[in-house]
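Treat the numbers as computed from the prediction; the structure is a model and nothing was measured. Along the sequence shown, the residues carry numbers beginning at 1.
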Amino acid sequence: REVLRAEVARHKNTADNLAKARNLATHATRTKSQSIAAICDEIRMPLNAMIGFSQIISRELMGQLTDERYRTCASDIESSGRHLLGVVDEVLDLVRVQTGDLELIDTEFELADLIEKSCMATSILALARKVELVKQLPRGGLMIRADQSRMRQVIVALLSNCIALVGSGGRVQVQLSKTAAGEAMLLICSNGSTVSPERMALAMEPLDGLPSGQGIERLGIGYGLPIARRLVELHGGKLEVGGPKLDESHVILTLPAERLV
C-alpha cells in the first residue's frame, strides 16, 4: 500500500510539474506575441508618415519638382513603404491568430463572387509570371456566412502563393463546389509547380513551428499561407495540401456545412 501511495504521489507531482511548465510556456508565448505586436505598432506610425510624405512629394502638392528623378524616388519610397506596411500587417495578423485575439465578423455573401474578385486581384501577378489562371465556378453560386474580408485575405493569399510558386508557362486552376456532405470546397490545382506538395504544406507552417534549420528558407509570399491556415481553422474549416505528382500541387479549402446559407 505504501508503494502504491508513493507511486500515486510521484505521478501527481509529475502532472503538477507538467501543468506548471505548460502555463509558463503559454505565458512566455503570449508575452512574446505582445512584444512583437507592440514593436509592429511602433513601426507603423513612422512608416505611415513616410508614405504620406512621399505621396506629397510625388504628387507635387507643395510645389513643382524641377527634376523628374525626385518624383521617381518618391514613388519608389511610397511603393517600398506600402510593401513593408503589408509585411507588418501580416505579422500582426499572425500574432492575433496565435494568441486568439482575432475576432471574426460574420456576414452572408456569395463565395463565387468573392473568388472571382480575388482572381481579378491576382491576375496581374499571373500575367507577369506568364501563368494561366483558370476559373471553374458554379453558375448558381454558393452563399456562405463568414468573415468576408478575412476569407478574401485567405483566397488572395492562396492564389498569390500558388501563382508565385508555379514556373513560367504553368497553370493554376480554381474550382468551387459543394461536397456530398454539404461542405463548401475550394480546390486550387497548380500545374508546373516549382515546389512539391510536401514543401507547399511546409510553407503553411509559421516559422516557429518549423523543424530546426528549415525556417531559414521561406517559401511563398510573406506570411500569407500560415495566416490563411489559421483563419480557415477559425471558421471551422480545413486547409490541406496534396498532389499526384512532384510538379503538381492541390490546395483544398473546406468550410463546414453550417457555414453555408
Side-chain angles (χ1 to χ4, degrees), residues 33-34 36-37 40-41 44 48 82-83 85-126 133-164 172-189 203-206 220-241 250-261:
S33 298
Q34 289 174 343
I36 294 173
C40 288
D41 283 335
R44 282 175 59 90
N48 279 316
R82 290 192 180 280
H83 172 73
L85 187 61
V87 173
V88 171
D89 287 340
E90 282 190 343
V91 173
L92 280 172
D93 278 344
L94 193 58
V95 168
R96 292 190 187 106
V97 296
Q98 287 179 336
T99 58
D101 293 331
L102 191 147
E103 295 184 2
L104 300 178
I105 303 174
D106 289 347
T107 58
E108 294 182 6
F109 61 92
E110 175 54 63
L111 183 56
D113 289 345
L114 184 65
I115 294 172
E116 182 75 42
K117 292 175 182 177
S118 300
C119 288
M120 290 178 61
T122 54
S123 60
I124 296 176
L125 177 62
L133 183 59
V134 182
K135 305 181 294 292
Q136 188 176 335
L137 306 176
R139 290 185 178 181
L142 204 60
M143 288 290 295
I144 66 169
R145 183 171 183 80
D147 188 317
Q148 186 170 1
S149 64
R150 293 301 179 181
M151 284 307 301
R152 183 184 186 280
Q153 182 179 352
V154 168
I155 296 168
V156 168
L158 294 178
L159 288 174
S160 298
N161 279 275
C162 286
I163 292 170
V172 174
Q173 185 171 357
V174 183
Q175 299 178 15
L176 175 64
S177 62
K178 185 177 179 180
T179 68
E183 301 170 318
M185 186 179 76
L186 173 63
L187 172 64
I188 303 177
C189 302
M204 291 194 181
E205 298 296 332
I221 301 173
Y223 292 89
L225 290 178
I227 295 171
R229 165 164 280 177
R230 288 295 294 120
L231 289 175
V232 170
E233 290 171 352
L234 284 175
H235 281 86
K238 293 184 296 182
L239 193 57
E240 302 168 299
V241 177
H250 294 176
V251 178
I252 305 171
L253 188 164
T254 308
L255 291 176
E258 55 265 26
R259 285 283 179 183
L260 274 66
V261 179

Exactly one of Leu158, Val154, Val251, Leu239 clears side-chain contact (heavy atoms from CB on, under 4.5 Å) with Leu225, and that residue is Leu158

TODO: Scan Val261, Asp147, Leu114 and name whichever one has a side-chain contact (heavy atoms from CB on, under 4.5 Å) with Phe109.
DONE: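 Among the candidates, only Leu114 passes.
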
Are [X] and [Y] side-chain neighbours, meaning at least one heavy-atom pair lies under 4.5 Å?
X      : Y      : result
Gln136 : Leu187 : no
Leu92  : Arg44  : yes
His250 : Ile188 : no
His235 : Leu104 : yes
Ile155 : Leu111 : yes
Gln153 : Arg150 : yes

- prompt: Counting heavy atoms not belonging to Glu103, are there more than 12 under 6.0 Å from its CD?
  reply: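 Not buried by this count: 12 neighbours or fewer within 6.0 Å.
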
query = What heavy-atom pair brings Ser123 and Met120 nearest, and what distance separates the two atoms?
reply =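 Smallest heavy-atom distance, with atoms named: OG-O, 2.7 Å.
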
Point to revise | Minimum heavy-atom distance between Ala181 and Ala257, given as atom pair plus value | key: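 Reported closest heavy-atom pair: O-CB, 3.8 Å.
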
Which distance, rounded to the nearest 0.5 Å, do you find between the [atom1] of [X] and the [atom2] of [Y]?
X      : Y      : atom1 : atom2 : result
Lys117 : Arg152 : NZ    : CZ    : 9.0 Å
Lys178 : Glu183 : NZ    : CD    : 11.0 Å
Ile163 : Thr122 : CD1   : OG1   : 4.0 Å
Leu186 : Leu159 : CG    : CG    : 7.5 Å
Gln175 : Met185 : CD    : CE    : 7.5 Å

| said: Closer than 4.0 angstrom, basic N to acidic O: yes or no for Arg230 and Asp93? | reply: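 Judged by the 4.0 Å cut-off on N to carboxylate O distance, Arg230 and Asp93 do not form a salt bridge.
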
